[in-house]
Amino acid sequence: MEIPSAGNFLERIIEEDIENQVYQRPIHTRFPPEPNGYLHIGSLYAININHSAAKKFGGEFNLRYDDTNPLKEDMEYVNAILEDMKWAGYDPGKNIFYGSDYFDTIYDLTIKLIERGLAYVCDLTADQMREYRGTLTTPGTDSPYRDRGIQENLNLFTQMRDGKFIPGERVLRAKIDMASPNINMRDPAIYRILEAEHYRSGAKWKIYPMYDYAHPIQDAIEGITHSMCSIEFKDHRPLYEWVLNSLDFAFPEPPKQREFGRMNITGAITSKRYLRQLVALNYVDGWDDPRLPTVKGLRRRGFTQASIHNFLNEIGIARDMSTVDISMLEHCLREDLKSKARAVMAVLDPLPVTITNYPEGVEEYVDVEYNGENPDLGKRQLPFCKKILVEREDFMETPEKGFHRLYPGNEVRLKGAYFIKCAEVVKDESGNVIELLCTYDPETKSGSGNVTRKVKATLHWLSAEHNIPARVNLYGRLLADENISGEEIDWTQYVDPNSKIVLENVRVENLINPQPEDKFQFLRHGYFVVDMKRTDEKLTFNRIVSLKDTKKR
RNA sequence: UGGGCUGUCGCCAAGCGGUAAGGCACAAGACUUUGACUCUUGCACACGAUGGUUCGAAUCCAUCCAGCCCAGCCA
């Protein structure tokens, strides 16, 4: 078999294993989320690493719910996780597994482990265990129960299984080395008693295996070859290998764990714990709030599958933690959207303009063409008449230096239509500009070939008679790029009050049958998506990304 | 101060002994029926620091410095 060239250090490891024929089976990877929260961009990063490695080497990819703690898991999350994975383009197909389905197998293997004298039941309390464990700089001391006989351990473990003890009363521990400099190897607990209804196995079990013990076995059962996880598990690798080694009779070609650095994005929070707080405390509208980096949030904000894939491939894979600038993500979206989003005209903050010399009651259609990546997406006819709407920010009574748009006496082009010149400014009693009176030059109609003079600005506009109301939600960065820590967090200092701004008076072209998640580009205002969640009489848009900052010229 | 991991441009990131890819961001300019898009150009005599090995080092060795992770019966 021709081996594809490795793209990163993880793939290089796999490539080497293939060359050395380490496995008699195809490459097999997995993504093992605990169903206790929603997927976010960081999850996608981990999924992508495992998924694309399998794909690249013609292997298999599993989704396995890592559900060994019934206290935290819920069906709500297993559904959401699968849905998000599919949406993001990582459909596991039939390869969907549940760690809890292996409870019987793991139990049987554990009996063997005890018979081999490699695990023992410990009566120490959690507090005592902590004391016996020692510290980072001092070795631990053996539990007084460490040398219990095999038969006694077997009996006790069986009783644990049968519910003879209460949670915390006893625990099964791996017998490794209390003096190990690696704390994970100081006789870690591998089975604990839990009193809870498991969302899947119900009340069948009273004991549940710990992650460190269950994970290698789960991987091995599924035939995983490369178990790629994040860097904080690096110290757990010796334990992962110890488990598989101790069960060598069952798994002759054990999987190997390899680690990659976690990926963070500036201004985004990806800790499930904090995400949960933001949602619970109502600082955001829910798990799908567009300001959140959750898959559902990104989706509602308008990110596309292609943009996310592009981003993930672009940033690469690091061995250590990295913090990618969010502008990279936004760039990837812009890149994808410029050839897909329909270009339309929308006036976010309308200022009425009356074209005084334009015939009353006359209505004509003008061709508007937008010169984007895909011109066809911006080609259409728009109604034009005596009364129109322009952007308020496109007018300045006393123009600052470099301002070329509307100001008294200045002439500009209306995109697709005519040149107009600002003749008079109408104000209300408090001095606010409420209308502009302009004149137009019939000779300057767009496309007429009239090039007798030039103007320095082109404005987007809308017929005051033919447009529809819309509501626009502008979502900014939610959180400061700071390290947040502590149990009780005062989110008010992290949530920017301007992170969500609602514009009510927006007017847009009469869009024909827009669908949820449809993407549009509002000229000079950036990309917008029809909010999939709102169903008002008004059309509702979410801002996706801005165009580059417009500088005064 | 025990153990593990990482240090290449503001941010990602190639590089694996032969003389610093690329992307984002940023800056300047060209083009333009929007100041967007596109295009052009610039942006690390330098690879955490210091020594050493070598004809030659970001790449090897040594020491030091900085950052991250680990003391759940969470994952």
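Numbered from 1 within each chain, the chains take letters A, B, ... in sequence-line order.
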Can you figure out which of [options] approaches the side chain of [X] most closely?
{"X": "A:Lys338", "options": "B:rA75, B:rU38, B:rU34", "value": "B:rU38"}
{"X": "A:Ile315", "options": "B:rC73, B:rG35, B:rC12", "value": "B:rC12"}
{"X": "A:Phe403", "options": "B:rG35, B:rC74, B:rG23", "value": "B:rG35"}
{"X": "A:Asn69", "options": "B:rC73, B:rG23, B:rA75", "value": "B:rA75"}
{"X": "A:His331", "options": "B:rG2, B:rA25, B:rU38", "value": "B:rA25"}
{"X": "A:Pro181", "options": "B:rC11, B:rC73, B:rG2", "value": "B:rG2"}
{"X": "A:Ala318", "options": "B:rC70, B:rG23, B:rA13", "value": "B:rA13"}
{"X": "A:Arg12", "options": "B:rC74, B:rC12, B:rC16", "value": "B:rC16"}
{"X": "A:Lys415", "options": "B:rA36, B:rU33, B:rA71", "value": "B:rU33"}

Using purine N1 to pyrimidine N3 plus N6-O4 or O6-N4 for Watson-Crick, or N1-O2 and O6-N3 for G-U wobble, each under 3.5 Å, what pairs with [N]?
{"N": "B:rU59", "value": "none"}
{"N": "B:rC68", "value": "B:rG4"}
{"N": "B:rU34", "value": "none"}
{"N": "B:rA27", "value": "B:rU41"}

Which part of the nucleic acid, if any, lies within contact of [X], taking any heavy atom under 4.0 Å across all strands shown: a base, the sugar-phosphate backbone alone, or nothing?
{"X": "A:Met129", "answer": "base"}
{"X": "A:Ile317", "answer": "sugar-phosphate"}
{"X": "A:Arg130", "answer": "sugar-phosphate"}
{"X": "A:Arg186", "answer": "nothing"}
{"X": "A:Leu124", "answer": "base"}

Determine whether A:Asn410 and A:Lys421 satisfy the following criterion, side chain to side chain donor-acceptor pair (under 3.5 Å), listing intermediate values before the conclusion.
CA-CA 5 Å; A:Asn410 193 42; A:Lys421 182 182 278 187; over 6 Å; no
Aromatic plane relationship, [Y] with [X] - under 30° parallel, 30 to 60° tilted, over 60° perpendicular:
{"X": "A:Tyr407", "Y": "A:Phe403", "answer": "tilted"}
{"X": "A:Phe157", "Y": "A:Tyr107", "answer": "parallel"}
{"X": "A:His215", "Y": "A:Tyr240", "answer": "tilted"}

Examine [N]: is either OP1 or OP2 under 4.0 Å from a nitrogen or oxygen in the side chain of [X]? Give yes or no.
{"X": "A:Thr68", "N": "B:rA75", "value": "yes"}
{"X": "A:Arg262", "N": "B:rC68", "value": "no"}
{"X": "A:Arg133", "N": "B:rG72", "value": "yes"}

Rounded to whole Å, how long is the line connecting atom [atom1] of [X] with atom [atom2] of [N]?
{"X": "A:Phe260", "N": "B:rA13", "atom1": "CZ", "atom2": "C1'", "answer": "17 Å"}
{"X": "A:Gln381", "N": "B:rU33", "atom1": "CD", "atom2": "P", "answer": "21 Å"}
{"X": "A:Arg173", "N": "B:rC73", "atom1": "CZ", "atom2": "P", "answer": "8 Å"}
{"X": "A:Asp212", "N": "B:rC74", "atom1": "CG", "atom2": "C1'", "answer": "10 Å"}
{"X": "A:Asp336", "N": "B:rC37", "atom1": "CG", "atom2": "P", "answer": "16 Å"}
{"X": "A:Arg477", "N": "B:rA25", "atom1": "CZ", "atom2": "P", "answer": "11 Å"}
{"X": "A:Asn184", "N": "B:rC69", "atom1": "CG", "atom2": "P", "answer": "15 Å"}
{"X": "A:Glu330", "N": "B:rC11", "atom1": "CD", "atom2": "P", "answer": "18 Å"}

Please report the C-alpha distance between A:Phe522 and A:Phe541 in whole Å, then the side-chain angles of each, then the deciding distance to 0.1 Å, and finally whether the ring-ring contact (aromatic ring centres under 6.0 Å, His included) criterion is met.
CA-CA 11 Å; A:Phe522 291 179; A:Phe541 293 90; 5.0 Å; yes
At under 4.0 Å between heavy atoms, how does the protein contact nucleotides 4-10 of chain B? Give one character per nucleotide, 5' to 3', with B, S or -.
SSS----
Side chain proximity check, A:Leu109 to A:Ile217, heavy atoms < 4.5 angstrom
yes
Do A:Arg237 and A:Trp242 make a side-chain contact, defined as non-hydrogen atoms from C-beta onward lying under 4.5 Å apart?
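When only atoms from C-beta onward are counted, A:Trp242 and A:Arg237 do not touch, as no gap falls below 4.5 Å.
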[atom1] gap between [N] and [M], integer Å:
{"N": "B:rC43", "M": "B:rU34", "atom1": "C1'", "result": "29 Å"}
{"N": "B:rC16", "M": "B:rA30", "atom1": "P", "result": "41 Å"}
{"N": "B:rA28", "M": "B:rC69", "atom1": "C1'", "result": "44 Å"}
{"N": "B:rU59", "M": "B:rA20", "atom1": "C1'", "result": "11 Å"}
{"N": "B:rU19", "M": "B:rU54", "atom1": "C1'", "result": "14 Å"}
{"N": "B:rU63", "M": "B:rC5", "atom1": "P", "result": "15 Å"}
{"N": "B:rU38", "M": "B:rA46", "atom1": "P", "result": "34 Å"}
{"N": "B:rG42", "M": "B:rG23", "atom1": "P", "result": "12 Å"}

Indicate whether the side chain of A:Tyr120 and that of A:Asp187 have a donor and an acceptor atom separated by less than 3.5 Å.
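Yes - a donor-acceptor pair under 3.5 Å links their side chains.
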Using atom types as modelled and distance alone, determine if a side-chain donor or acceptor of A:Asn310 lies under 3.5 Å from a backbone N or O of A:Ala306.
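Not a single qualifying donor-acceptor pair exists.
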In short, salt bridge (Lys or Arg N to Asp or Glu O under 4.0 Å) pairs touching residues 164-173 of chain A with sequence neighbours left out are A:Asp123-A:Arg170
Syn or anti for B:rG72 (syn when the glycosidic angle lies within 90° of 0)
syn
No-H, no-angle donor-acceptor pair, A:Ser446 side chain to B:rU33 base, under 3.5 Å
yes
Hey, does the side-chain of A:Tyr132 have a donor or acceptor N/O within less than 3.5 Å of a partner on the base of B:rA71?
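A donor-acceptor contact between them is absent.
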Nearest-nucleotide comparison on RNA chain B, the residue closer to the 5′ end among A:Leu136 and A:Met328:
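The 5'-side residue here is A:Leu136.
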5'-most contact on RNA chain B: A:Tyr370 or A:Gly134, nearest heavy atom basis?
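Residue closer to the 5' terminus by nearest nucleotide: A:Tyr370.
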Can the ring centroids of A:Tyr77 and A:Tyr199 be said to lie less than 6.0 angstrom from one another?
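No, the ring centres sit 6.0 Å or more apart.
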